[in-house]
Each structure stands twice: as C-alpha cells, then as structure tokens.
2 protein chains.
Amino acid sequence: MGLPKNITDRPILGVIQNKSLREHVLEMLRNAIVNGEMKPGQNLVEADLAAQLGVSRAPLREAINILNAEGLLETVPYHGTTVTKLARKDIEDLYSIRSLMEGFAVQRLIALGQAEAVAERLRNICADMMRAADEGNLREVNLIDRHFHDTLVASSQNELLVMLWGTVSLRVRQVMSLRNEKKGNLHEIARNHLAIVEAIAAADTDRSVRLVHHHIGSTGDLIAEGWEKDSDDSPNTGPLPSTADF
Amino acid sequence: MGLPKNITDRPILGVIQNKSLREHVLEMLRNAIVNGEMKPGQNLVEADLAAQLGVSRAPLREAINILNAEGLLETVPYHGTTVTKLARKDIEDLYSIRSLMEGFAVQRLIALGQAEAVAERLRNICADMMRAADEGNLREVNLIDRHFHDTLVASSQNELLVMLWGTVSLRVRQVMSLRNEKKGNLHEIARNHLAIVEAIAAADTDRSVRLVHHHIGSTGDLIAEGWEKDSDDSPNTGPLPSTADF
DNA sequence: CGATCTTCGACTGTCGACAGATCGCCTTCC
DNA sequence: GGAAGGCGATCTGTCGACAGTCGAAGATCG
C-alpha cells in the first residue's frame, strides 16, 4: 500500500473497464449507501434514479435487487425501496458478528501455519497506517484500517467466510460513515493493531483471538453508545467519547 | 412441527399468495438448486429457462442476480450463468462456518438467559424427530433437523446472524441433497441433538458449544470425506461411512 | 497444410412501453 | 357531518424487441 512515489509505478493507460451498467449502478449505489450519502430510511424512486444515472430501469432494478440481498436496501412490493435503517441493536449485532468472524479468521490463519507470513504483511499495513497517522490523514487511516481487516479475513483462506465478510464489511463502513467522525488518537489506533499483529506473529492463538475480540468489541460498544437508543437510523449528535475509533 | 392430526388445524382457505413473478421464479430456482435437481456446473440459458417457466427474461434475470449474490449461481458476463460448483474444500469451509455460527448462537442464547425457554422448544422438536425416526421417514427427519438448527440460530436474536445463516443454510441443504443419501441411524441422530438440548437446558455454555462444534464438525468431516478430492462438483459414488449424517 | 482473418449464430445486456397495484383525494350517500 | 366507495396519479412489476458481445466455424492467404 502507500502512495507510489513514482508516477511510473502506474501503467500509462488505465484499464478500460468494460463493466456492465448494472455493475456501475451497483457500485455507485453501494458507495452512496456505505458512505452515508444516502441516509437510512431514504426512499428510492426507480424512474427518477434511473433518469438521474442515465440508464434504463432494468439494470437499476437488478442492482437494487442485489443490494436487497446484501441487506443494504429494503424493498416492499409495490410500495418502494428504502435504505435499510440502523438501530442501536443492529450495531451491536453487527459488531458481535464482526468480532466472531475476525476472531475465527485469526484462529484459522494460525492453525494453517500462516502466522509469520501474515504477520509480515500486516506489519507493513500497520507501518502505512502509522505514516497516515503522522499526517493526521483520517480518511487514509480509515482506508488502511479496512485493508488490514480485509487482509486478516482473507488470510483464513475460507472462501465462504470471505464472501460473508463482504456483506458485514459493507455494513461496518456504513456505520462508520454515519456516525459523526471523531478522529480520536490515530496513533493509538495503529498501536492497537500492532498488538494484534505481534500476537499473531507469536502464533499465540488465544491471545490473538482475545485481542481481536477486545479490539472490535470495545469499538462496537463505543459506537453503539453514541447511537440513538430507541431505534431509528442515526447516532445522536451529542458529544461522543473521544478515543480510538476502530 | 409434526403433521397435524386434525385437518381443522389448517385454515380453510389457503393464503392467497400475491408474490411477484420474481419471487416465484426465485423460489423455484433456489429449490431446484438446493434440492440437487440442478447440478453444479449446469448452465442456464435465460431465454430457454424463461420460456420454460412461462415468464419473460426480466423477472428471471432479477432472480438470477439474487441467487448470484447468495452464491448459488455464478454468472460470467456475456458468457452465461452456471450453478456454483462445490469442491471438497468448499464443504470443509461451509461446515467450519456453520459450526462457528451455531456455536455462537448457542453461546448468545444462554447469555441472554433464554436457555430454559429455548431448550423447551428444542425438546419438542427432538420429540418430533424421534417420531419421524420411528417411522424411518428420512425426508421428515431432514426437515425437522433443519427446523432444529434454524431455531437454534434464530434464538441468538441476532438479526444479522439470522440473515447470514440463510445463505449458509441453503448451501448446507444443497450439499446434503447432492451427496448420496445414506440414512444411517436415524435414532442416533435424534439422540445427538438431544444431548445438545440438555447441555443448553443446563445453561452450560462451554459444554453446549463444544457439543455443537463436535456435532457439526464430525458431520462435515464425514461428508467432505465422501467428496471427490480434486475439486469438481460431486461426491464420489463409492461406499460412504455409514453413521449419523447430520 | 497451418495460421490468421472474417463471418455467423447464439446468448447476454439494455431499452422503452405497457400492465398491475397502491395510496390519497374526492365524490356520494346516508 | 361523517363514512364508504369510486377515481386518478404515481410508482412498481413485466414484457417484447433491439443492441452488444463472445466463441466457433468457415474462408482466405501464406
């Protein structure tokens, strides 16, 4: 990772992406949702949206159906499609599952004898994260954080887990974008990750899993605390506990 | 569960199902896949299938997209859609995840103080299973088994888990229908389930989780053993180890 | 005879139009 | 004045047709 210092690192001509309209629309909608540009509860009118995107309703509907299956949208027949609401309970559920999955991934990767190799890759990611933290670049730290956890899950070499993680990961991104960003201590975040990496490097399954559970669990609690309790879709706007965020 | 002895248990008029064509098609395809009527690797031609089902390609395509998201179908652009193949590794991955999820559900339900209530419901299900086993009705035992595990997962009261379980559960059904059914000892199956129930009733988290992991793990191993090793889509047709199946 | 180019066919991707359903408004009747 | 029922606007669900793409069979040239 990290930004290439040299422009020649990149190919001259970008890859021409011949993706179908459905893929384009899917990506756009997904991004809009997980980036919080489309707010939970918001209604989608197919014709309007199709016109706005400059496509017909067919590929749009196909994209909507996929997002439905992923749980980011909810369609009630003949009535309409809305962005799925996020209640506090959903956050808690989400972070339990996330914790479960990442804990499992760590356990698997160690069992597979990949501890040292994976730790090496994660160390590099942490270094990138440290650099981004030095620059106070929250956005970049976020991105690298995602990369870290994606790498962790992928290292389990369990395809099904990776697939399910895709869904969970999107939800996490949505939650993170929805709550008011409080940058906390970026360096502390990086340190937290490094602790996990070292436990993995030591091939200490119990400690690794415990650290992962603790890391994710406390984050989830923190975010859930800042969420409107009674349900609905948005975090309250009051002061958030200011500490490491993810 | 169990068959109602009395016809008056059912409503006089069945619910009029106003489901959309997409829903109908979706259900049909999904069933065809998880029941093994559509074999892994099999190709789908949209026009043919649409004609066969008596619908246009639009709702069919929407259904296909959803099944793609669920991982039961795989579409490569401009080339076609096929039923996802199942290699031995996939079975192993599947059963690890299943074990993970059900174990988590058990742990959660006990933590929620639902142990006794859930155990009661599960006991009833086991009783039904026992009855079906007495009749040697493999199909019914299968159905009740599904109900048992669905109940277990639902008892976690974690909506996201339930949603993800939907995907996993479908895969499990597919695998079970694909391997040559060997009935094993139906009563032993029921007994295995009962052991789990009693551990739950005792609110013994560790033992419950261990039993669940063992139960599912050994089943997965068993099925994986009977699968063609080198990949591909089908179990070998040689003799299978004959013991409890799920 | 073999390799490359060209056509052809079959299938997927997309579109615009029509059919069906729901909800809110308005009328009508008590 | 209030409730039941009809009417219409609006949106979703479905359809048939067209355009784009890919692989394979055949044609062309060395």
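Just so it is clear: chains get the letters A, B, ... in the order the sequence lines come, proteins before strands, and each one is counted from 1.
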TODO: Classify the side-chain pair D150(B)/W165(B) by whether it contains a donor and acceptor separated by less than 3.5 Å.
DONE: yes

Open item on the list: Closer than 3.5 angstrom, by distance alone: can the side chain of S177(B) be matched with the main-chain N or O of V34(B) as a donor-acceptor pair?
Closed with: yes

Open item on the list: Using a 3.5 Å distance criterion without hydrogens, assess whether the side chain of T82(A) forms a donor-acceptor pair with backbone atoms of G41(A).
Closed with: no

- [ ] Using a 4.0 Å cut-off on protein heavy atoms (strictly under), produce a 5'-to-3' string for nucleotides 11-23 of chain D with B for base contact, S for backbone-only sugar-phosphate contact, and - for none.
- [x] SBBBB-B---SS-

- [ ] Dump the intermediate steps for salt bridge (charged side-chain N to carboxylate O under 4.0 Å, His left out) on R30(B) and E70(B), then the final yes or no.
- [x] CA-CA 10 Å; R30(B) 215 178 352 221; E70(B) 287 177 357; 2.4 Å; yes

Open item on the list: Given a 3.5 Å cut-off on both pairing distances, which stems involving DNA chain C, each at least three consecutive Watson-Crick or G-U pairs, are present, if any?
Closed with: C:1-30 with D:1-30

Open item on the list: Whether the side chain of T84(B) engages the backbone of G71(B) through a donor-acceptor N/O pair (distance < 3.5 Å, no angle test) should be reported.
Closed with: yes

Open item on the list: Would you say H193(A) and D145(A) are linked by a side-chain donor-acceptor pair, where the criterion is simply a distance under 3.5 Å?
Closed with: yes

TODO: For the residue pair R173(B) and N142(B), confirm or rule out a side-chain donor-acceptor distance under 3.5 Å.
DONE: no

